[in-house]
Amino acid sequence: MNRNTHSARANDHRTTDVLVVGAGPTGLMLGCLLRHHDIACTVIDRRDTIDPRTRAVMVHAAGLEILDTLGLRTTVEDAGVRRTRIDFHTRHHALFTVDFTTLDTPFPYYVNVPQPEVEAVLADHFTATGGRLLRGLRYTGHQEDEHGVTAEAVTDDGPHTLTARHLVGADGASSTVRTALGIDFPGITYPMSYLLAEGAPTRPADPDASAMYIGPAGAVSLLPLPHGAVRIAGPVSPEALDRDSELSTRHFRDTVDALGFGPALRFERVDRIAHYQVHERLAERFTSGRTVLAGDAAHLNSPAGGQAMNTGFGDAWALAWRLAALDAGSPAPLLADYDRERRAAAAEVARTTGVLQLLDAMRHATTETARDSVQRSLTGYAEAWSQLYLRYHPAPTPAATPAPDTAPAPDTAPLALPARTGHRLHPGARVPGHRPEPGHHTCLHLPDATPDPAHLPPHTRTAELTPTQRTWLPTGTTAVLVRPDGHVARTLPTGPHTTAGATAETEKEAA
């Protein structure tokens with residue numbers, strides 16, 4: 001067992017505030033954030049150790065801001081490599097770039113860091129701050145009533161019973177918790193196989209960029225990793241390999257060579273080789289009573305843009321403050337709001353990572369005019385993939401069109417995404433660069449517009465809007481009330497003592 005785990009005895013009975021099933025990035029991040037809120041948390045996982053395989057790699061700016069709140073950003077960055085661009089190369093020597101350096105954050109870049117390294121940092125922090133991590137413990141089912149959840153799990157030593165106020169299923173794409181709840185997981189599976197290899201490249205990687213190489217019938221990404229290693233992965237060809245077949249180094253090399261980029265995509269030494277299927281799926285709901293889904297248990301998307309780990313971090317960030325508020329007796333329907341907001345966010349991630357149409361446009365951009373058009377269409381991708389400018393929309397009225405129940409097919413994704421120049425601090429909008437205090441709302445205001453505390457939730461912090469944040473204020477407003485997750489709860493207009501724009505959730509919290 002790892003040094004950051006606890007052993008468990010057969011028939012052991014444990015009680016906690018929140019029980020998390022799954023010690024991946026999402027479950028461990030949630031555990032760390034709950035401890036940041038001083039909430040008792042136990043995380044269990046069926047594996048005895050961290051899975052050493054590198055799966056997710058990229059941590060974007062919004063995730064770095066969360067890690068910085070926990071004091072873990074530097075440690076995670078030290079285990080990875082920092083990058084500021086994603087370059088797209090085509091066979092006709094066109095170069096398209098997504099640049100992250102102008103993002104509104106102290107961390108205008110992304111970090112390529114192997115998922116096992118992230119998990120190790122989070123696990124150490126979770127247990128060091130009083131969290132209980134139990135490995136080798138397999139969840140088998142649970143029951144709940146108005147008081148809480150009783151979960152059953154087994155080890156080689158026998159059964160265990162754990163009780164909690166809330167249960168979170170963060171146990172991956174094949175989630176046992178989701179299956180136990182009977183929640184459907186509709187979506188699509190890409191028809192082609194993705195090939196993957198890691199090792200030492202023939203040529204050193206660009207020190208500032210990750211890259212994608214786009215051939216006539218396929219494409220691969222090249223992600224620099226620590227110690228000079230790289231990962232090359234992607235839908236190299238339309239063929240689908242049998243799930244149980246083995247991929248040889250020669251087959252990988254020959255298939256990637258067919259893209260036409262020669263030594264740029266060759267290895268001097270291959271350390272790992274694999275193939276896998278890509279899925280886009282969205283759970284029909286993220287909550288059921290006192291049980292919540294998060295991370296891959298709730299949504300799967302294309303690896304384009306490196307969104308998987310970051311979307312799981314977003315789930316944890318959105319859930320931790322709500323569970324803390326419920327623990328403190330909040331009457332607001334916070335889990336229902338989590339379901340609505342994060343399902344919509346996951347659907348938006350699926351939309352922004354469906355880049356097959358974009359790659360096809362790059363393939364056919366053989367004139368200067370066409371290339372300029374494609375480069376202009378990339379405006380907004382850094383903003384979307386950083387997840388800094390996410391906006392949750394208000395709850396729909398009964399007559400409104402409901403959010404889609406499944407992720408859109410990849411070839412229907414729009415070519416262009418909104419640029420941040422249109423970002424406004426309307427209710428639901430994220431405030432990039434803002435660092436909330438655990439469990440507290442913050443009122444950000446113009447210098448001469450300090451709101452009356454009597455019209456704010458208890459214990460609200462106040463601070464002046466930065467010059468950049470002032471440019472995001474909607475017309476006629478002087479301040480915004482920001483939730484503990486950094487999203488605007490309501491705007492405060494010019495009139496005295498008014499609360500126009502308040503969300504139902506915030507009104508109930510403030511009551």
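Comment: Arg430 does not engage Glu341 in a salt bridge, judged by the lack of any side-chain N to carboxylate O separation of less than 4.0 angstrom. With respect to Arg85 and Asp206, a salt bridge is recorded, a charged nitrogen being found less than 4.0 Å from a carboxylate O.
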* **Criterion side-chain hydrogen bond (donor to acceptor under 3.5 Å, both in side chains) on Thr101 and Thr84, from CA distance to verdict** => CA-CA 6 Å; Thr101 58; Thr84 59; over 6 Å; no

* Give the C-alpha distance, both sets of side-chain angles, the deciding distance and a yes or no for side-chain contact (heavy atoms from CB on, under 4.5 Å) between Leu282 and Arg343. => CA-CA 8 Å; Leu282 186 65; Arg343 284 192 79 250; 3.7 Å; yes

* To do: Apply side-chain hydrogen bond (donor to acceptor under 3.5 Å, both in side chains) to the pair His440 and Arg461, showing each step before the final yes or no.
  => CA-CA 7 Å; His440 293 283; Arg461 307 299 198 245; 3.2 Å; yes

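Put simply, the side chain of Arg322 gets close to the backbone of Ala318: a donor and an acceptor are under 3.5 Å apart. Panel note: side chain Arg53, backbone Pro116; no donor-acceptor pair is recorded below 3.5 Å. Formation of a donor-acceptor pair under 3.5 Å by the Arg165 side chain with backbone atoms of Arg290 is not found in this model. Put simply, the side chain of His487 gets close to the backbone of Gly428: a donor and an acceptor are under 3.5 Å apart. Thr90 contributes a side-chain N or O that, together with a main-chain N or O of Ala94, makes up a donor-acceptor pair within less than 3.5 Å. Using a distance-only test at 3.5 Å, with no hydrogens or angles considered, a donor-acceptor pair links the side chain of Asn310 to the main chain of Met58. The backbone N or O of Val349 lies less than 3.5 Å from no partner atom in the side chain of Trp385, so there is not a single donor-acceptor pair. Distance alone, capped at 3.5 Å, places no donor-acceptor pair between the Asn112 side chain and the Arg82 backbone. Not a single donor-acceptor pair under 3.5 Å links the side chain of Asp208 to the backbone N or O of Arg83. Judged by distance alone, with hydrogens and angles left aside, the side-chain atoms of Thr97 form no donor-acceptor pair with the main-chain N or O of Asp99 at under 3.5 Å.
Thr291 and His166 share no side-chain donor-acceptor pair at under 3.5 Å. Using modelled atom types, one finds a donor on one side chain and an acceptor on the other under 3.5 Å when comparing Asp104 with Tyr389. Judged purely by distance below 3.5 Å, without hydrogens or angles, the side chains of Glu152 and Thr161 pair a donor atom with an acceptor atom. In this structure, a donor-acceptor pair under 3.5 Å is present between the side chains of Thr105 and Glu65. Using a 3.5 Å distance cut-off with no hydrogens or angles, the side chains of Thr442 and Glu437 do not pair a donor with an acceptor.
Listed by chain and residue number, nothing satisfies the side chain to side chain donor-acceptor pair (under 3.5 Å) test with Thr26 (two or more places apart in sequence, or in another chain).
Among Arg342, His299, His60, Gln387, the single residue meeting the side chain to side chain donor-acceptor pair (under 3.5 Å) criterion with Thr311 is Gln387. The only option from Asp296, Asn301, Thr189 that meets the side chain to side chain donor-acceptor pair (under 3.5 Å) definition with His279 turns out to be Thr189.
Within the structure, ring-ring contact (aromatic ring centres under 6.0 Å, His included) contacts touching residues 66-89 (residues at least two apart or in different chains) are His89-Tyr213.
Under the 6.0 Å distance and 45° angle rule, Arg178 counts as a cation-pi partner of Phe185.
The structure places CH2 of Trp321 at 5.5 Å from NE2 of His441, a figure rounded to the nearest 0.5 Å. Atoms CD1 and CZ, on Ile44 and Arg138 in that order, are 10.5 Å from each other to the nearest 0.5 Å. Taken from OG1 in Thr49 to CG in Asp51, the straight-line distance is 7.5 Å, to the nearest 0.5 Å.
Within a 6.0 Å radius of CZ in Arg55, more than 12 heavy atoms belonging to other residues, nucleotides or ligands are found. Remark: Arg46 CZ is loosely packed, at most 12 non-hydrogen atoms of other residues, nucleotides or ligands lying under 6.0 Å away.
The shortest side-chain heavy-atom distance between Met29 and Leu70 falls under the 4.5 Å cut-off.
For an aromatic pair to be called close, the ring centres must be under 6.0 Å apart, and Phe100 with Tyr109 fails this.
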Atom pairs and distances, side-chain donor-acceptor, residues 30-39, under 3.5 Å, sequence neighbours left out:
from, atom 1, to, atom 2, distance (Å)
Arg35, NE, Thr129, O, 2.8
Arg35, NH1, Ile39, O, 3.0
Arg35, NH2, Thr129, O, 3.0

